[in-house]
Amino acid sequence: MSAQDILEAAGVEVSFSVGSSISARLRHQQHLLHAVDGVDLTVRKGEALALVGESGSGKSTLARAIAGIQPANRGQIKLDGKVLPARHRSRADQRRIQIVFQDPYSSLNPRLTVGGMLRELLRVHHVVPRGEVEARTQELLRMVGLPEDAAGALPRQFSGGQRQRVAIARAIALRPEVLVADEPVSALDVSVQATILNLLQELQSELGLTLLFISHNLAVVRHLCDRVAVMYLGRIIEVAPTEVLFANPRHPYTAGLLAAIPRMTPGDESTAPAVKGDPPSPLALPAGCRFRTRCPIAQQICAEQDPALIASSENPEHSAACHFAGQTSLANAPETV
């Protein structure tokens with residue numbers, strides 16, 4: 001962990017028991033689903049790092065482990081070099097990492113007014129003196145673009161975009177250092193998404209936040225983030241600065257994701273292949289490289305050896321976990337193993 005890194009995940013694993021009923025246990029049919037499988041990831045202070053991948057790749061589980069909601073089975077989460085406990089974090093540690101969820105309505109208390117939620121947080125965590133709680137509540141509403149009278153309203157009285165603004169206000173109320181945004185705009189209308197993204201960008205700059213932004217929308221990621229980490233079946237398989245990754249993906253999976261981005265400009269259609277097929281079951285991962293069953297350039301070594309995440313010799317900030325990193329073309333590609 002370098003001096004500029006604020007957050008580090010080291011060897012993080014999160015697994016779940018599947019088939020945990022009494023009858024399954026009697027028949028010894030319990031299985032472990034490795035949602036996050038040995039992830040190493042660093043986030044630099046003040047940057048916006050995107051975590052991308054298909055649904056089921058483990059992005060949200062990793063986010064919940066970082067935020068302390070889902071305990072990791074193995075590995076460490078470090079904040080400013082301090083190891084955070086997997087369970088029962090102190091209030092001070094909880095305040096330092098806050099999360100904004102995909103569905104704002106399910107993450108808000110339907111019986112509390114917006115002002116009531118914010119005031120409760122400020123009082124319980126002693127963020128400001130009691131005499132300043134009301135003023136700080138109004139300030140938070142202004143920061144996220146909501147009127148002062150929003151404090152007296154319940155979550156059901158807001159639109160989806162306004163609810164997400166409330167969720168963001170609640171997250172920044174505790175003055176966190178790291179904000180985890182887990183698909184914060186995917187449940188919103190397209191017309192509203194841009195305003196929420198711009199709000200996150202403004203708050204990051206104004207408050208000096210470090211942002212871990214989780215998304216499956218690479219067009220959004222390119223607009224917002226400084227670096228991108230690509231996740232597949234519980235592993236990080238490529239990490240690079242955003243423009244470097246878009247210009248020169250080194251993993252075939254990343255190349256497929258980029259090829260799937262819709263393009264509206266005539267004559268700008270991509271000739272690269274999108275990712276074919278469905279991911280294998282996380283309960284029965286293939287030997288070697290877990291992407292090989294869908295990879296257009298897989299060879300025998302891919303079935304025998306699991307590739308490590310290795311930096312490129314041309315760019316030490318660009319890492320990929322592929323035996324043939326950089327060879328993402330289908331030209332003369334061998335048959336998939």
* Any chance you could measure E314, atom CD, to N248, atom CG, to the nearest 0.5 Å? => 8.5 Å
* Asked: Stepwise, does the side-chain contact (heavy atoms from CB on, under 4.5 Å) test hold for V230 with L257?
  -> CA-CA 10 Å; V230 183; L257 291 181; 4.0 Å; yes
* State plainly whether one hydrophobic cluster holds both V12 and V83, where clusters connect Ile, Leu, Val, Met, Phe, Trp and Tyr through side-chain heavy atoms under 4.5 angstrom apart. => no
* Mind checking what makes side chain to side chain donor-acceptor pair (under 3.5 Å) contact with E139, not counting sequence neighbours? -> R136
* Asked: Can you find a pair of side-chain heavy atoms, one from L283 and one from V18, that are under 4.5 Å apart?
  -> yes
* To do: Would you name the heavy atoms of Q204 and G46 that are closest together and state the gap between them?
  => NE2-O, 3.0 Å
* Asked: Is there a side-chain contact between L84 and I97, using heavy atoms and a 4.5 Å cut-off?
  -> yes
* Answer yes if I261 and L245 sit in the same cluster of Ile, Leu, Val, Met, Phe, Trp and Tyr residues linked by side chain heavy atoms under 4.5 Å apart, and no otherwise. => yes
* To do: I would like to know whether E243 and R222 meet salt bridge (charged side-chain N to carboxylate O under 4.0 Å, His left out); could you show each step before the answer?
  => CA-CA 8 Å; E243 290 306 319; R222 191 171 194 177; 2.9 Å; yes
* Asked: Is a donor on one side and an acceptor on the other found under 3.5 Å between the side chain of E132 and the backbone of P129?
  -> no
* Asked: So, Q94 and H125: side-chain donor and acceptor under 3.5 Å apart, yes or no?
  -> no
* Asked: When you check the gap from the basic side-chain N to the acidic O, do D5 and K78 get nearer than 4.0 Å?
  -> no
* Considering residues at least two apart in sequence or located in another chain, which fulfil the side chain to side chain donor-acceptor pair (under 3.5 Å) criterion with R123? -> none
* **Short side-chain to backbone donor-acceptor contact, N198 and A194, under 3.5 Å** => yes
* Would L197 and V185 count as a side-chain contact (heavy atoms from CB on, under 4.5 Å) if you check the C-alpha gap in whole Å, the side-chain angles of each, and the deciding distance to 0.1 Å? -> CA-CA 8 Å; L197 292 173; V185 297; 4.0 Å; yes
* To do: Indicate yes or no: at least one non-hydrogen side-chain atom of Q4 is less than 4.5 angstrom from one of K45.
  => no
* Chi angles and distances behind the salt bridge (charged side-chain N to carboxylate O under 4.0 Å, His left out) call for E120, R170 -> CA-CA 10 Å; E120 182 179 52; R170 187 181 60 177; over 6 Å; no
* Asked: Given L62 and I214, is the side-chain contact (heavy atoms from CB on, under 4.5 Å) satisfied, shown in steps?
  -> CA-CA 10 Å; L62 177 59; I214 297 167; over 6 Å; no
* Heavy-atom side-chain contact between F213 and L51 under 4.5 Å -> no
* Would you please say whether a donor-acceptor pair under 3.5 Å links the side chains of E183 and H216? => yes
* **Heavy-atom closest contact (L32 atom, S17 atom, distance)** => CD2-OG, 3.9 Å
* Stepwise, does the side-chain contact (heavy atoms from CB on, under 4.5 Å) test hold for T113 with R119? -> CA-CA 10 Å; T113 64; R119 286 189 288 268; 4.3 Å; yes
* Asked: Got a second to check how far H126's NE2 is from R95's CZ, nearest 0.5 Å?
  -> 9.5 Å
* For F291, enumerate each residue passing the ring pair (Phe, Tyr, Trp, His ring centres under 6.0 Å) test, keeping only those at least two apart in sequence or located in another chain. => Y232, H251, Y253
* Asked: Between L118 and A173, what is the shortest heavy-atom contact and its length?
  -> CD2-CB, 4.4 Å
* **Between CG on residue N73 and CG on residue D37, distance to nearest 0.5 Å** => 10.5 Å
* Asked: Which residues pass the side chain to side chain donor-acceptor pair (under 3.5 Å) test with D306, sequence neighbours left out?
  -> R235
* **Spacing of CG belonging to L209 relative to CD belonging to E47, to within rounding of 0.5 Å** => 13.0 Å
* To do: Decide, yes or no, whether a salt bridge links D80 with R96 under the criterion of side-chain N to carboxylate O below 4.0 Å.
  => yes
* Over all atoms of both residues, closest heavy-atom pair of R175 and V127 -> NH1-O, 3.6 Å
* Does any N or O in the side chain of Q193 come within less than 3.5 Å of the main-chain N or O of L188, such that one atom is a donor and the other an acceptor? -> yes
* R44 bridged to E317 by N-O distance under 4.0 Å -> yes
* Is there any salt bridge (charged side-chain N to carboxylate O under 4.0 Å, His left out) pair reaching into residues 148-167, and which pairs are they, with sequence neighbours excluded? -> R142-E148
* Asked: So K59 and D182, salt bridge (charged side-chain N to carboxylate O under 4.0 Å, His left out) or not? Walk me through it.
  -> CA-CA 8 Å; K59 307 184 300 295; D182 186 6; over 6 Å; no
* To do: Ignoring hydrogens and angles, state whether a donor on the side chain of S312 or N315 is under 3.5 Å from an acceptor on the partner side chain.
  => no
* For the side chain of D189 and the backbone of V192, is there at least one donor-acceptor N/O pair under 3.5 Å apart? -> no
* Asked: How many angstroms lie between CD in Q70 and OG in S60, if you round to the nearest 0.5 Å?
  -> 11.5 Å
* Asked: Are V39 and I310 linked, directly or through other ILVMFWY residues, by side chains that come within less than 4.5 angstrom of each other?
  -> no
* Please check if the side chain of R292 supplies one atom and the backbone of A287 the other of a donor-acceptor pair under 3.5 Å. => yes
* To do: Find out whether L141 and P147 are in side-chain contact, i.e. whether some heavy atom of one side chain is under 4.5 Å from a heavy atom of the other.
  => no
* Structure fact -> Closest non-hydrogen atoms of V144 and I172, given as atom of the first, atom of the second and distance, are CG1-CD1, 4.3 Å
* Check ring pair (Phe, Tyr, Trp, His ring centres under 6.0 Å) between F101 and all other residues, then give those that pass, not counting sequence neighbours. => none
* To do: Measure the shortest side-chain to side-chain distance between E54 and P279 over non-hydrogen atoms and say whether it is less than 4.5 angstrom.
  => yes
* Cluster overlap I66 with F16, hydrophobic side-chain contacts below 4.5 Å -> yes
* About how many Å separate CD of E177 and OG1 of T210, when rounded to the nearest 0.5 Å? -> 8.0 Å
* Taking the side chain as C-beta and beyond, is there a heavy-atom pair between L203 and L211 under 4.5 Å? -> no
* **Considering all heavy atoms, the nearest A65-I77 contact** => O-CG1, 4.1 Å
* Asked: Any donor and acceptor pair, going by atom type alone, linking the side chain of D226 with main-chain N or O of A48 inside 3.5 Å?
  -> yes
* To do: Would you kindly confirm whether L199 and L179 end up in one hydrophobic cluster when ILVMFWY residues are joined by side chain heavy atoms under 4.5 Å apart?
  => yes
* Asked: Does a side chain donor of either T254 or E238 reach within less than 3.5 Å of an acceptor in the other side chain?
  -> yes
* Could you check if a side-chain atom of C322 sits within less than 4.5 angstrom of a side-chain atom of C289, using non-hydrogen atoms only? => no
